[in-house]
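Heads up, the thing below is written out as structure tokens.
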2 protein chains.
Amino acid sequence: MQKEHNLSKNQKIIFDLIDKSGEPMKAYAILFNVQKKGIKAPLQVYRALDKLVEIGKIHKIESRNAFIACQNSSCQISKATAFSICESCENVSEISNSKLSKYLSNFEDDSGMRYSKYNLEFFGLCKKCKSK
Amino acid sequence: MQKEHNLSKNQKIIFDLIDKSGEPMKAYAILFNVQKKGIKAPLQVYRALDKLVEIGKIHKIESRNAFIACQNSSCQISKATAFSICESCENVSEISNSKLSKYLSNFEDDSGMRYSKYNLEFFGLCKKCKSK
DNA sequence: TTATAAATGTTATATTATTACATAACGTTA
DNA sequence: TAACGTTATGTAATAATATAACATTTATAA
């Protein structure tokens, strides 16, 4: 189970926005959306984003510089993330596949280095876009 | 085997720099380094980087906004990349593991979406940093 | 309660990346 | 080799993403 975090005011505003949108949001799009709620500066957004990423409520889609709400609410998966990204419509969804996460969490390479964290991004065309 | 690409002047200058450095380089660090060779503007750098990424001579480390020369010279792996990143010293190396790449290249999730490309970044502490 | 950490507010600035437009070099093939 | 399309280059301006520095306030917990 995930620890219950009491989000601060800004964190809550920003998390709710991202969560409701259901898709990746960019920092300045977030900023634009929350200005009416009194969050005026980029730094306020980035600080909340940093914290939300840290506690696993959202993830950063690195290849897109965007942030999406965690879709695996019940598991401690913020250090082991995998996403499916459609290169046409830019739809992103979090992959929740226990075989995959087990495989990657236990992965060791020749260096003997053990990994505490990973991020995987898959790219392709989603069903809709493929059939166009 | 990888197709032999004839790099243009700027592409060659920039590839050689990244390749010799042996570690990830950021675009503006590259720019600074090649100014004496007549490459003066960010766009010149980004254009060369785009092309080099496209043909698989370099890869972008998304979580670091940096570019590293491909270390798997003999294989067509630019659409299936995996990296090991030390969070302390920021050392990055490309993982070349056929089991891993086979596993990921064949991965399918519930959506039935088939992936043409992936990028995986592992994080942890390298041996040196772990023993400090 | 008091002190410590976490969050906020604000301004300025750093870093990363692209748009727009003009020109030049290269490769093909007629 | 001339004409064409494609790829690469040059240059200026600007957009988009992210952080530094500093002052203040709020929450947590000893």
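So you know, we letter chains A, B, ... as the sequences are listed, proteins then strands, and number each from 1.
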So which one's nearest nucleotide on DNA chain C is more toward 5', B:Asn65 or A:Arg47? A:Arg47
Is any side-chain N or O of [X] closer than 4.0 Å to OP1 or OP2 of [N]?
X	N	result
A:Gln44	C:dA7	no
A:Asn6	C:dA6	no
A:Lys12	C:dA7	no

B:Lys128, NZ atom: more than 12 neighbouring heavy atoms under 6.0 Å: no
Does NZ in B:Lys127 sit with more than 12 non-hydrogen atoms of other residues, nucleotides or ligands closer than 6.0 Å? no
Can you measure [X] atom [atom1] to [N] atom [atom2] for me and round it to whole angstrom units?
X	N	atom1	atom2	value
A:Gln11	C:dG9	CD	C1'	15 Å
B:Leu43	C:dT19	CG	P	10 Å
A:Leu7	C:dA6	CG	P	15 Å
A:Phe15	C:dA7	CZ	C1'	19 Å
B:Asp50	C:dT19	CG	P	11 Å

Side-chain contact, heavy-atom cut-off 4.5 Å: [X] with [Y]?
X	Y	answer
A:Met25	A:Asn33	yes
A:Phe67	A:Leu52	no
B:Phe122	A:Met113	no

Do we see a donor-acceptor contact under 3.5 Å between the side chains of A:Ser111 and A:Asp109? yes
Nucleic acid contacts of residues 19-42 of chain A, taken as heavy-atom distances under 4.0 Å to DNA chain C: A:Lys40, A:Ala41
Could you tell me whether B:Lys117 and A:Glu87 make a salt bridge, using a distance below 4.0 angstrom between a side-chain N and a carboxylate O? yes
Going 5' to 3' along DNA chain D, which are the first and last nucleotides with any atom under 4.0 Å from a heavy atom of chain A? D:dT17 to D:dA21
Between B:Val53 and B:Lys60, what is the shortest heavy-atom contact and its length? CG2-N, 4.5 Å
Okay, side chain of B:Asn106, backbone of B:Lys102: is any donor-acceptor separation there less than 3.5 Å? yes
